[in-house]
Number of protein chains: 2
Amino acid sequence: MPDEVAVKAWRELSRQYAALSCALESALQDRHQLGMSEFEVLDRLVGAQDCTGLRMQELGEQIHLSQSALSRTVARLEKDGLVERKLCASDRRGVFVHPTEAGRERHAAARPTHREVINTTLGG
Amino acid sequence: MPDEVAVKAWRELSRQYAALSCALESALQDRHQLGMSEFEVLDRLVGAQDCTGLRMQELGEQIHLSQSALSRTVARLEKDGLVERKLCASDRRGVFVHPTEAGRERHAAARPTHREVINTTLGG
DNA sequence: GCGCATTCAATGCACATGCAACTAACGTAC
DNA sequence: GTACGTTAGTTGCATGTGCATTGAATGCGC
């Protein structure tokens, strides 16, 4: 790929990401008191119907966030009562995270906003 | 666009942006002591061959950064001697930013890295 | 059992970012 | 000329992030 084309692609990628992440961040915050990272975590947790929840590590593979950032995002969600952390019995270094009932409700309320903003921003 | 397709597109966008911005950030930092935002600013300044430089406002339109973040990015570049700020004579609220010789050299050294990382990451 | 490297997650710290408030300069109305 | 609204850019502050370190638990070699 010629350099100039690649750079153009990068700028376009960057532009789209900035527009969408910014729109998501403010819409989710305004309407549902959720940051984008918080929503992403909730979304993965609710999406994984395994009732025991996901390990931090599994979350980390799906969400692009450093390990420390993920740890703190989950901590914020826990403080707000949206997820719970449980020690993993078989490997006591591990931590299972699963949504609370309040977490499921908040996610259900926020999901339409998420979808709508994505459609609007990517479409327009 | 069906919701699920849009969400998939967003996740893919997010994944690509994370991979590329992360790779750029670390490569530029390691090899040229430049953050990604700093390089972007330099790149626009050198690209605009107007020898008087660009106004902060013009930079802001091209780079996706809040006004305050841009102001501080330029301040860092100035502190490192890579750009200079000059008051605009016709409108003394405005600020012209233009690269110094050192800034041009640093940019020239970093540009191949930038292009290479983009090609490698977008290609692979 | 006893070390020792490895893995998982949390925390101290530095830093870049965004928002809101602020300062300075411009332009207009009068 | 004075007052007022607007625009350009900077700064105080709170916050989210990454890197490196730490602490705990695991597994392996012996």
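Bear in mind the structure is a predicted one, so any value in this text is a computation, not a measurement. Each chain gets a letter, A, B and so on, in the order its sequence line appears, and its residues count up from 1.
Here the range on DNA chain D touched by chain A, meaning any atom under 4.0 Å from one of its heavy atoms, is D:dG16 to D:dT26.
By the 4.0 Å N-to-carboxylate-O rule, B:Arg55 lies too far from B:Glu58 to be salt-bridged with it.
Counting to the nearest Å, the C1' atom of C:dA25 and the CZ atom of B:Arg55 are 11 Å from each other. If you measure from atom CD of A:Glu25 to atom P of C:dG18, you get 11 Å, rounded to the nearest angstrom. Remark: C1' of C:dA16 and CG of B:Leu28 are 16 Å apart, rounded to the nearest angstrom. Distance B:Met56 CE to C:dA25 P: 17 Å, rounded to the nearest Å. For the pair A:Phe96 CZ and C:dA9 C1', the computed distance is 14 Å after rounding to whole Å.
Contacts of residues 62-86 of chain B with DNA chain D (heavy atom under 4.0 Å): B:Gln67, B:Ser68, B:Ser71, B:Arg72, B:Arg85. The stretch residues 31-41 of chain A touches DNA chain D through A:Ser37, each having a heavy atom under 4.0 angstrom from the strand. Against DNA chain C, the stretch residues 10-19 of chain A makes no heavy-atom approach under 4.0 Å.
When atom types are taken as modelled, the side chain of B:Thr120 and the backbone of B:Glu116 share a donor-acceptor pair closer than 3.5 angstrom. No donor-acceptor distance shorter than 3.5 angstrom exists from the side chain of A:Ser71 to the backbone of A:Gln67, with no hydrogens or angles considered. Using a distance-only test at 3.5 Å, with no hydrogens or angles considered, a donor-acceptor pair links the side chain of B:Arg106 to the main chain of B:His32.
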Test log, rule side chain to side chain contact (heavy atoms under 4.5 Å, CB included), inputs A:Leu20 and A:Val117:
CA-CA 8 Å; A:Leu20 190 36; A:Val117 171; 4.2 Å; yes
Go through the steps to decide whether B:His114 and B:Ile118 satisfy the test side chain to side chain contact (heavy atoms under 4.5 Å, CB included), and finish with yes or no.
CA-CA 6 Å; B:His114 184 248; B:Ile118 292 177; 3.5 Å; yes
What's the verdict on side-chain hydrogen bond (donor to acceptor under 3.5 Å, both in side chains) for B:Ser14 and B:Arg11, showing C-alpha distance, side-chain angles and the deciding distance?
CA-CA 5 Å; B:Ser14 190; B:Arg11 290 190 178 171; over 6 Å; no
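The side chain of B:Asp91 lies closest to C:dC26, out of C:dC8, C:dC26, C:dA9.
Judged as a side-chain hydrogen bond (donor to acceptor under 3.5 Å, both in side chains), and not counting sequence neighbours, B:Thr100 has no contacts. Remark: A:Asp91 pairs with A:Arg93 by the side-chain hydrogen bond (donor to acceptor under 3.5 Å, both in side chains) rule, at least two apart or across chains.
Partner B:Leu54 forms a side chain to side chain contact (heavy atoms under 4.5 Å, CB included) with one of B:Glu61, B:His98, B:Gln62 and no other, that one being B:Gln62.
Pairing each heavy atom of B:Leu45 with each of B:Pro99, the nearest pair is CB-CD, 3.9 Å.
The side-chain heavy atoms of A:Leu59 and A:Leu65, taken from C-beta on, include no pair separated by under 4.5 Å.
If you chain together hydrophobic residues whose side chains sit under 4.5 Å apart, B:Leu13 and A:Trp10 fall into the same group.
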